[in-house]
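All remarks here apply to the structure that follows.
Each chain gets a letter, A, B and so on, in the order the sequences are listed, and its residues count up from 1.
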Protein chains: 2
Amino acid sequence: MAQDRNTEELIIEAAKKIFITRGLAGARMQDIADEAGINKAMLHYYYRSKDKLFEIVFNEAIGKVIGRLGMVLNQQMPLLEKIPAIIDNYIDGIMEAPYLPMFVLNEINQQPEMFVQRLKSQQHFPNVLQFMKDIVDAGKQGTIREVSPVQLFLNIVSLCVFPFIGRPIAQGILQLDNVQYNMVMEDRKKVVTEVIFAWIKV
Amino acid sequence: MAQDRNTEELIIEAAKKIFITRGLAGARMQDIADEAGINKAMLHYYYRSKDKLFEIVFNEAIGKVIGRLGMVLNQQMPLLEKIPAIIDNYIDGIMEAPYLPMFVLNEINQQPEMFVQRLKSQQHFPNVLQFMKDIVDAGKQGTIREVSPVQLFLNIVSLCVFPFIGRPIAQGILQLDNVQYNMVMEDRKKVVTEVIFAWIKV
DNA sequence: TTTTGTATTAACCAAATGGTTAAATCAATT
DNA sequence: AATTGATTTAACCATTTGGTTAATACAAAA
């Protein structure tokens with residue numbers, strides 16, 4: 001099973017799967033090796049230690065989670081077009097890897113210190129400050145209602161992310177099956193945009 | 001250090017602290033014992049196994065997280081009063097124990113099967129179906145706009161919960177210190193109510 | 001005071017776990 | 001074919017970890 005692709009990649013793929021589903025503390029090196037179909041020693045041969053391997057997986061994950069946000073945020077575009085663009089793009093990103101936000105959030109909660117450093121060195125670090133300035137300006141201009149830019153940012157992200165990280169509990173409470181919940185998620189982009197615009201429209 | 005209170009309670013308190021901060025996989029029985037200031041054997045003497053102890057902590061946690069929601073949801077009250085009541089009450093609950101939702105959500109993601117059973121046997125199981133029926137009725141009556149009750153529910157919960165579970169990352173991106181972020185959370189009740197009403201008002 | 005049942009502890013145990021190593025395999029080079 | 005360097009593996013190691021046990025401390029009842 002091992003020879004098909006590059007062993008290094010094979011390990012990373014397996015590590016992603018195990019770390020993301022079980023977390024750093026719950027992941028077992030043996031399970032990663034099994035998943036990759038190789039000997040456990042290879043993990044250390046290529047990546048030294050569990051922590052080193054985890055760091056690679058985590059960095060890529062956080063890049064995807066906040067990077068996607070930053071990409072749209074930094075684009076030059078009128079605010080009233082940018083907001084739906086952010087929502088569409090961000091929900092698309094989450095749907096591609098619905099388990100990533102939970103993984104990232106949880107590991108960050110486990111060690112916030114290590115994270116803060118990493119965040120600022122992140123190339124995709126979202127330039128939120130500019131975005132918030134735009135919101136304030138638009139408010140003064142009367143393009144939108146004058147709202148707290150921080151609250152607006154939190155609202156957008158909350159509405160986009162939570163339905164995915166809270167999926168098991170929400171699905172349980174709402175008593176929906178997978179197919180039904182998927183349909184609800186399909187509508188999300190439209191709904192979130194609607195909600196945000198209802199709140200900020202003059 | 002052990003004699004002050006009942007040893008059993010002492011253990012539960014310590015177990016809560018350790019399990020909630022580190023999760024099931026990351027928690028160490030020795031750490032719980034140390035936290036309680038007692039011998040590790042006492043944990044097994046009173047609660048058999050790590051899993052049994054965890055179950056107690058987890059059940060209480062999930063009770064708080066979804067129970068609080070159910071309490072308000074099941075109250076007899078006009079919809080337009082009930083929605084702000086839900087929001088106020090739920091955010092109050094989260095602020096009392098901001099780490100609980102993350103803990104519950106994460107552990108549920110780890111073993112969704114075990115959870116689904118527990119959910120239905122939960123005494124505080126929120127009667128969301130009735131609440132959703134009320135929303136549909138109110139829509140038809142014209143009290144509110146006709147919106148998907150499922151989406152409304154998701155919106156409320158998302159806006160309330162996410163800013164707390166995503167706090168480290170949000171605070172990092174927004175570059176706010178603890179005091180500033182606390183102030184933002186203070187305003188949350190008002191903002192969430194505002195957003196929801198803006199969306200559902202006719 | 002003695003007895004008796006409960007609470008508590010130190011020492012211990014077996015399994016799991018991250019990590020290492022020495023030998024073996026493989027592939028390219030000479 | 002022989003050499004050489006990288007890759008891979010089985011076996012091993014030290015530590016950690018959940019759990020047990022036998023002996024002890026303690027408190028209430030007799």
Side-chain angles (χ1 to χ4, degrees), chain A residues 1-61 103 106-107 109-111 113-114, chain B residues 1-61 103 106-107 109-111 113-115 118:
Chain A
M1 297 242 161
Q3 293 84 332
D4 322 28
R5 267 195 289 168
N6 190 358
T7 304
E8 264 165 286
E9 282 181 38
L10 223 58
I11 293 174
I12 292 293
E13 286 312 305
K16 274 187 205 166
K17 180 165 177 185
I18 300 296
F19 277 132
I20 289 170
T21 53
R22 306 232 244 284
L24 172 59
R28 298 288 159 254
M29 292 297 266
Q30 188 60 60
D31 291 344
I32 296 175
D34 291 348
E35 177 71 31
I38 55 165
N39 191 282
K40 180 164 68 88
M42 298 306 287
L43 306 182
H44 296 97
Y45 180 74
Y46 283 108
Y47 299 101
R48 294 283 288 249
S49 69
K50 188 185 183 186
D51 285 324
K52 288 274 194 329
L53 188 52
F54 174 79
E55 206 179 319
I56 293 170
V57 172
F58 180 76
N59 277 340
E60 196 190 313
F103 168 67
N106 191 52
E107 297 299 336
N109 267 11
Q110 229 74 155
Q111 8 190 328
E113 339 73 52
M114 164 185 140
Chain B
M1 295 243 164
Q3 294 83 334
D4 322 28
R5 267 194 288 167
N6 190 359
T7 304
E8 264 164 287
E9 282 181 38
L10 223 58
I11 292 174
I12 292 293
E13 286 312 305
K16 274 188 206 166
K17 180 165 177 186
I18 300 296
F19 277 131
I20 288 170
T21 52
R22 305 230 243 286
L24 172 58
R28 299 288 159 252
M29 292 297 267
Q30 188 60 60
D31 291 343
I32 295 175
D34 291 348
E35 178 71 33
I38 55 165
N39 190 284
K40 180 165 68 90
M42 298 306 287
L43 306 182
H44 297 97
Y45 180 74
Y46 283 109
Y47 299 100
R48 295 281 289 250
S49 69
K50 187 186 183 184
D51 285 324
K52 288 275 197 323
L53 188 52
F54 174 79
E55 208 180 317
I56 294 170
V57 173
F58 180 75
N59 278 339
E60 197 190 311
F103 167 67
N106 191 52
E107 297 298 336
N109 267 10
Q110 229 75 152
Q111 9 191 330
E113 338 74 52
M114 164 185 139
F115 154 72
R118 198 185 312 289

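- Taking all atoms of both residues into account, the shortest heavy-atom contact from B:Phe103 to B:Phe19 is CE1-O, 3.4 Å.
- Residues B:Lys40 and B:Ala33 approach most closely at CA-CB, 3.7 Å, considering heavy atoms.
- Between B:Arg28 and B:Arg22, the closest side-chain pair of non-hydrogen atoms is not below 4.5 Å.
- Nucleotide D:dG19 holds its P atom 10 Å from the CZ atom of B:Arg48, rounded to whole Å.
- Counting non-hydrogen atoms under 4.0 angstrom, A:Ala33 reaches nothing in the nucleic acid.
- The nearest whole Å value for the distance from the CG atom in A:Leu43 to the C1' atom in C:dT20 is 13 Å.
- Nearer to the 5' terminus of DNA chain C, by closest-nucleotide assignment, is the contact made by B:Tyr46 (compared with the other of A:Ala25 and B:Tyr46).
- Between B:Phe54 atom CZ and D:dG18 atom C1' the separation is 16 Å, expressed in whole Å.
- Regarding A:Arg28, its CZ atom lies at a distance of 11 Å from the C1' atom of D:dT16, rounded to whole Å.
- Spacing between atom CZ of A:Arg22 and atom C1' of C:dT17 amounts to 14 Å, rounded to whole angstrom units.
- Using a cutoff of 4.0 Å between basic side-chain nitrogens and carboxylate oxygens, B:Glu55 and B:Lys52 are not scored as salt-bridged.
- Using a 4.0 Å heavy-atom criterion, one finds that B:Met42 contacts the bases of the nucleic acid, with or without backbone contacts as well.
- Of the candidate nucleotides D:dG18, D:dT21, C:dG19, C:dG19 has the atom nearest to the side chain of A:Lys50.
- When side chains are defined from C-beta on, B:Ile12 counts as touching B:Tyr47, because their heavy atoms get closer than 4.5 Å.
- Rounded to an integer number of Å, the gap from B:His44 NE2 to D:dT20 C1' is 9 Å.
- For B:Lys40 and D:dG19, a side-chain-to-base donor-acceptor distance below 3.5 Å is present, hydrogens and geometry of angles not being considered.
- For A:Tyr45 and D:dT7, the OH to P distance is 4 Å, given to the nearest whole Å.
- Residue A:Met29 contributes atom CE, which lies 19 Å from atom P of D:dT15 at whole-angstrom precision.
- Residue B:Thr7 places at least one side-chain N or O closer than 4.0 Å to OP1 or OP2 of C:dT8.
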